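Since the structure comes first, as structure tokens, the remarks are kept for the end.
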Amino acid sequence: MVHTDTPRVRFAPAPSGWLHVGGARTALFNWLTARHGGGTFVLRIEDTDADRVTSESARGLMAALRFLGLDWDEGPDTGGPHGPYRQSERRPLYAAVADALREAGHAYEAFETPEELEAERRLARQTGLPPGYRGGHRDLTEEERAAFRARGRAPVLRLRTPDEGVASFDDVVRGRVEFAWADVSDFVIQRADGSPTYLLANPVDDLAMGIDTIARGEDLLSATPRQLLVHELLEADCLLDRALDHAGLPPRPSGPAGGSAGLRSPRFAHLPLLVGEDRRPLSKRHGSVAVDEFRRQGFLPEVLVNFLALCGWSHDGVRERFTVDELVALFSLDRVGRNPAYFDTDKLRALNGDRIRQLSDAELAERLAPCLAEADLVDSPPGAAQRRLVEGLAPLLRERIQTLAEAVPLVAWLFRETVEYDGRAVARHLRKGPAAQVLRASREALGELGEWTGPAILAALDGVAEGLGLGRGKTFQPVRVAVTGTAVSPPLPETLALLDRATVLARLRDAERLTAAPA
Ligand code: GLU
């Protein structure tokens, strides 16, 4: 429709409080299309289904988009020339369109109750007829309508679909798509309470906002012929332009010649489904599916973006690592495949681990800080001493974690005043064997050390091992459990060096009471 040189695309979520990774992939493909072409990315909140939504839920969704770095040029908070961008604030437009469609005879009032429609469906199932509304109230007379009203029935508004012929369009991903109109029944565009359905509000806004490319999930493919029909009717007799004017909303973006918007519908790209390991649509059964859960687990946004880009798109079928800038430069909807996209969490973890290894100490510390703050280990933002500590930890953690949150159990002891002992580690390494001697000898050796550094601590503990005739394992593990509370930590001498000496000595002394032969 609008033939500006640069794309105008949108992400149009129905807010449900959180962003599913499938939605994030849709947002990303649209965002990349906009950024690649120097165009405009519009965020439109499709909140016409008043029961399901609260303004809170749009907030969670926007926070997830921001975390991923998918910024929008026009949207509910940023505003823009073709708003408002919340459908709940555009009701007068949909009402004006619905009225105009009814007046022109394209839409009609239907008075069936839900029970009557259900009975119709049941009958269709039993007799092998296709499902869907059979058009019973298509041609009611004025008297019949009045009689229904008199009985207290409120009508929905249905759009007439053609009885025959084929709806077809060229999908960027799927090629030529055709639906027989005989299979598309008259559909509801306005509910009995006057609110518009998705099938009306969505195509109205796509035209009103001058959207020229729509990338969305394949599950919406069957809505497309119905929305194309709405587009066609909106263009006829300037119906949409008049409705915009009537509702006091801004006119559509104009085409390159400065005239009114063109006559073509946006092009569609229906993105392949995201599936889990069992090839079924990705859902909570498969584990985390909310962007915010991945954030809390410590996945980096640039890795999620890289990974989601690979869920359906490929550059050359081989390359898997892309920075966000590279994706912007290379992305094209033409290279989205039709096959279901496997959401491979192992691959995501591996990509995340690789990215963590690329970060400098300072960068890794910066990424870790919010994660440690969320676990209540450091302040948000961390103080100077905490920051130094986290930066000191970065090189010790880098090879040991695939997600940021995996650092938390490894380092929590460094930030806590008191040691939280893991019972199994105590039983294995403190209650048994020569732990008491090890702790005492280590305390003495560390107490006498000239400098408090990793190599000096290592030499001292090696000296203890030698003096007692023990291996490193038998020496290091009791010390580790005494100081950290657990049997797993980053390399012991370097980590001890990050803690102050007095604390280490005090912890060694405290732990002696847990050993088999208390001092
Ligand atoms: N609000 C719709 C949804 O969340 C948008 C579909 C579309 O992109 O057209 O499913």
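These numbers were taken from a predicted model, which means no experiment stands behind them. When a ligand or atom number is given, it counts from 1 through the structure's own listing order.
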Considering heavy atoms of the protein only, find what lies nearest to [atom] and give residue, atom and distance to 0.1 Å.
{"atom": "atom 3 (C) of ligand 1", "value": "Ala12 O, 3.9 Å"}
{"atom": "atom 4 (O) of ligand 1", "value": "Ala14 N, 3.3 Å"}
{"atom": "atom 8 (O) of ligand 1", "value": "Arg10 NH1, 2.5 Å"}

Heavy atoms only: which of Asp206, Thr26, Leu220, Ile214 is nearest to atom 6 (C) of ligand 1?
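The option holding the nearest heavy atom is Leu220.
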Where the closest heavy atom to atom 9 (O) of ligand 1 is concerned, which of His20, Arg44, Arg216 has it?
Arg216
I want to know if ligand 1 touches Pro13 in the polar sense, i.e. an N/O pair below 3.5 angstrom.
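No, Pro13 has no N/O under 3.5 Å of an N/O on ligand 1.
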Answer yes or no: is there a donor N or O on one side and an acceptor on the other, between the side chain of Arg149 and the main chain of Pro155, under 3.5 Å?
no
Is there a donor-acceptor contact under 3.5 Å from the side chain of Asp47 to the main chain of Ser88?
yes
Under a plain distance cut-off of 3.5 Å, with no hydrogens placed, do [Y] and [X] share a side-chain donor-acceptor pair?
{"X": "Ser288", "Y": "Glu293", "value": "yes"}
{"X": "Ser195", "Y": "Arg91", "value": "no"}
{"X": "Thr26", "Y": "Arg216", "value": "no"}

Over 60° means perpendicular and under 30° means parallel, so tell me whether His231 and Phe268 are parallel, tilted or perpendicular.
parallel
Only one of Phe322, Phe29, Phe307 clears ring pair (Phe, Tyr, Trp, His ring centres under 6.0 Å) with Trp313; which?
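By the ring pair (Phe, Tyr, Trp, His ring centres under 6.0 Å) criterion, Trp313 pairs with just one of Phe322, Phe29, Phe307: Phe322.
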Closer than 4.0 Å to some heavy atom of [X] - which atoms of ligand 1 meet that?
{"X": "Tyr198", "result": "2 (C), 5 (C), 6 (C), 7 (C), 9 (O)"}
{"X": "Asn202", "result": "5 (C), 6 (C), 7 (C), 9 (O)"}
{"X": "Glu46", "result": "1 (N), 2 (C), 5 (C)"}

